[in-house]
Amino acid sequence: MTARPLLVVVLAAGKGVRMRSAIPKVLHAVAGRSMLGHVLATAQAAGADKLALVVAPGMEAVRAEAQRLARDIEVFEQATPEGTGHAVLSARQALERHQGDIVVLFADTPLVEPGTLGRLIAALDAGAHIAALAFHAPEATGYGRLVLDGQGRVVRIAEHLDASEHERRIGLCNAGAMAFRVPRLADLLARIGNANAKGEYYLTDVVALAAADGMTTAAVACEPQEALGVNSREQLAAAEAAFQARARRRVMEAGATLVAPETVWLSFDTEIGRDVVIEPNVFFGPGVVVEDGAHILANCHFVGARIGKGARVGPFARFRPGADIGEAAHVGNFVEVKNARLETGAKANHLAYIGDGRVGERANIGAGTIFCNYDGFNKHFTDVGKGAFVGSNTSLVAPVKIGDGAYIGSGSVISRDVAPDALALERSTQETRPGWAARFRALMGRRRNAPKPPSD
Ligand code: UD1
Ligand code: CA
């Protein structure tokens, strides 16, 4: 890759009216991460040395999200939305300070891949002054069309509204991303006019200006899915679908089995190991790692969890942030785990809540066990030792510690620590009355046969 410093300018000042949302468009999520987050991550992965972001006045939430994800990002305001060319010029100070290549990305086009950006920059290494990312659109309406000359150079980009009948028949469209190796980009941008259908300063007009100056302008092709721009909720859903298709394919290519891929929902950062088997209807929120050989049975939900090697979880199990399931551990149906570690070989096979705790190696948590972690004010920890056996329908009132190898009798409410290898039992003594049931039935039978009293 190029050794020249790279500045990436991300445009996010568009209003996004068609989203009909109180939230700025670029903060809407695809696969658990804001579109802005996707674009910033792509820029970073492609080797950006400096990042700049262009927002509209009042977009404090966009600024905050950008600074959370990229601390050194420089944020500029575009006072009025006068087009993409005008937007890039709003970052003029960053452009002028920078010595090196410049890439412009749209924050509403979240699926461009780092490798694709790499190819765009490589076109500069190969001699282009400007490289535009292009794709063959199945439906080109609305996109800018790339007008090429005989040598494959881009002569100009014709925006849909301004394009002639002839130009509208061109299938090659502008994906939005553009790379520049020009001495003074700001000066070039300042020459863009706004005498067009929208009365805007189009970034795309920079191509014709550069070509007229004798600069080399190239097109670099990408997949249509990467070029998906999000202007509406429907396009947001289309971007999500495209992301999911790609992510599922990658998981399978890396050696996992998805029994019904189209029913498994992945996040931008889901990590799935080799020989993992995932049954139908599984949802992965952000921050989940599934290690090699784990088996995820149908209908599970994960957020912020780790599933260890060879573990077996589900069906119908829920893993919340901090759930850490050790090697070969089992978590069965209707079990919820939050901020708790199950160590190697531990089991909780049915109907339990395990929150804020540890379950030691090979310990067994019976059906209906609840870790009572919350007293209405604070969360407390439950520690279950190695090899301990917690009988069914037990309440463990935290903070509490169950020693290694201890037994807890079913139905107990345990609020005090239990020593290793002890039995703790908390329930009233069982009372048994021999013959009581038979006598009771006989008595009730006699009553039923008794003559009814007259009704009036
Ligand atoms: C743009 C391209 C078009 C391309 C298409 C790909 C231009 C003139 N047209 O059209 O060739 O095919 O994207 O999706 O560039 N923005 C600002 N300030 C503004 C206007 C826009 O920051 O004043 C930002 C938006 O937030 C968005 C991006 O620039 O992230 C693109 O703007 P948008 O209005 O969506 O451009 P398109 O009409 O889609
Ligand atoms: Ca757009």
Side-chain angles (χ1 to χ4, degrees), residues 8-19 21 23-28 34-40 42-43 52-59 62-63 66 75-92 103-112 130 132-147 154 156-163 167-168 170-178 180 189 192-209 219 221-222 224-232 235-236 238-239:
V8 176
V9 182
V10 177
L11 303 190
K15 284 201 293 291
V17 260
R18 285 167 59 198
M19 294 296 284
S21 176
I23 302 160
K25 175 167 81 174
V26 301
L27 296 186
H28 286 265
S34 67
M35 291 195 269
L36 176 64
H38 282 274
V39 173
L40 293 178
T42 301
L53 174 73
V54 179
V55 299
M59 282 188 175
V62 177
R63 183 191 292 265
V75 184
F76 297 89
E77 278 192 3
Q78 184 189 15
T80 45
E82 295 181 61
T84 48
H86 183 262
V88 179
L89 255 189
S90 311
R92 183 169 209 146
V103 163
V104 174
L105 297 177
F106 293 169
D108 70 351
T109 308
L111 302 185
V112 177
I130 299 182
L133 193 63
F135 67 109
H136 288 277
E139 169 51 58
T141 306
Y143 289 110
R145 311 298 207 287
L146 270 67
V147 184
V154 192
R156 75 180 201 107
I157 299 179
E159 286 305 305
H160 181 82
L161 288 178
D162 302 279
E167 287 166 335
R168 285 189 184 176
I170 298 173
L172 190 63
C173 292
N174 176 28
M178 246 183 238
F180 302 91
L189 294 176
I192 294 173
N194 66 349
N196 52 49
K198 282 187 171 172
E200 287 186 353
Y201 298 89
Y202 295 158
L203 174 63
T204 42
D205 279 356
V206 81
V207 170
L209 289 173
C222 71
Q225 298 91 300
E226 289 183 84
L228 243 160
V230 174
N231 302 307
S232 64
Q235 287 170 335
L236 182 67

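We count ligands from 1, going down the list as the structure has it; atoms in each ligand are counted the same way.
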**Q** Answer yes or no: does an N/O atom from Tyr143 fall short of 3.5 Å to an N/O atom of ligand 1?
**A** no
**Q** For Glu82, check side-chain contact (heavy atoms from CB on, under 4.5 Å) against everything at least two apart and list the hits.
**A** Thr80, His86, Tyr201
**Q** Please check whether Ile157 reaches ligand 1 - meaning an N/O of the residue sits under 3.5 Å from an N/O of the ligand, judged on distance alone.
**A**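 There is no such contact.
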**Q** Between Asn194 and Tyr202, do the side chains contain an N or O donor and an N or O acceptor separated by less than 3.5 Å?
**A** no
**Q** Can you tell me if Glu226 uses its side chain to pair, donor with acceptor, with the backbone of Leu228 under 3.5 Å?
**A** no
**Q** Would you check if Glu77 and Ser90 make a side-chain contact, meaning some heavy-atom pair closer than 4.5 Å?
**A** no
**Q** At under 4.0 Å between heavy atoms, which part of Glu82 makes contact with ligand 1: side chain, backbone, both or neither?
**A**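 The answer is the backbone.
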**Q** With a 3.5 Å cut-off and no angle check, do the side chains of Glu159 and Thr204 form a donor-acceptor pair?
**A** yes
**Q** Within a distance under 4.0 Å of any heavy atom of Thr84, pick out the atoms of ligand 1 and give their elements.
**A** 7 (C), 8 (C), 15 (O), 20 (C), 21 (C), 29 (O), 31 (C), 32 (O)
**Q** Could you tell me, atom by atom, which parts of ligand 1 come under 4.0 Å of a heavy atom of Asn231?
**A** 35 (O)
**Q** May I ask you to check if ligand 1 and Gly83 share an N or O to N or O distance below 3.5 Å?
**A**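 N/O-N/O distance under 3.5 Å: yes.
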**Q** For ligand 1, which atoms sit closer than 4.0 Å to a heavy atom of Tyr202?
**A**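 Result: 8 (C).
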**Q** Taking only heavy atoms of Gly144, which atoms of ligand 1 are found under 4.0 Å from at least one of them?
**A** 3 (C), 4 (C), 11 (O), 12 (O)
**Q** Can you find a pair of side-chain heavy atoms, one from Glu167 and one from Val147, that are under 4.5 Å apart?
**A** yes
**Q** Number the atoms of ligand 1 from 1 as they appear, then name those within less than 4.0 Å of a heavy atom of Lys198, with their elements.
**A** 38 (O)
**Q** Any side-chain heavy atom of Val88 sitting closer than 4.5 Å to one from Val54?
**A**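 Sidechains of Val54 and Val88: no contact.
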**Q** Is Cys173 touching ligand 1 with its side chain, its backbone, both, or neither, if touching means heavy atoms under 4.0 Å apart?
**A** neither
**Q** Which ligand 1 atoms are under 4.0 Å away from a heavy-atom of Ala107?
**A** 30 (O)
**Q** Please say whether Gln78 places an N or O atom under 3.5 Å from an N or O atom belonging to ligand 1.
**A**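 N/O-N/O distance below 3.5 Å exists for this pair.
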**Q** Under 4.0 Å, heavy atoms only, figure out whether ligand 1 is touched by the backbone of Ala227, its side chain, both or neither.
**A**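 It is neither part, as no heavy atom is under 4.0 Å.
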**Q** Please confirm whether Ala13 comes within less than 3.5 Å of ligand 1 when only nitrogen or oxygen atoms on both sides are compared.
**A**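 The answer is yes, given that Ala13 and ligand 1 share an N or O pair closer than 3.5 Å.
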**Q** Working to the nearest 0.5 angstrom, can you tell me the gap between Asp205 CG and Ile157 CD1?
**A** 9.0 Å
**Q** What atoms of ligand 1 come closer than 4.0 angstrom to any heavy atom of Ala87?
**A** 17 (C), 18 (N), 22 (O)
**Q** May I ask you to list the atoms of ligand 1 that are less than 4.0 angstrom from any heavy atom of Asp108?
**A**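 Taking each heavy atom of Asp108 in turn, ligand 1 has 27 (C), 30 (O), 35 (O) under 4.0 Å.
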**Q** I'd like to check the side-chain contact (heavy atoms from CB on, under 4.5 Å) partners of Leu236; sequence neighbours left out, ordered by chain and number.
**A**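 Residues passing side-chain contact (heavy atoms from CB on, under 4.5 Å) with Leu236: Met19, His28, Val30, Met35, Val230.
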**Q** In the structure I gave you, are the side-chain heavy atoms of Thr109 and Val39 within less than 4.5 Å of one another anywhere?
**A** no
**Q** So, regarding Glu159 and ligand 1 (criterion: nitrogen or oxygen to nitrogen or oxygen, under 3.5 Å), is there a contact or not?
**A** yes
**Q** Please report whether ligand 1 has a polar contact with Leu11, defined as an N or O pair separated by less than 3.5 Å (distance criterion only).
**A** yes
**Q** Determine the sole option in Ile130, Val9, Val103 for which the side chain to side chain contact (heavy atoms under 4.5 Å, CB included) test with Phe180 is passed.
**A**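 Only one option passes, and that is Ile130.
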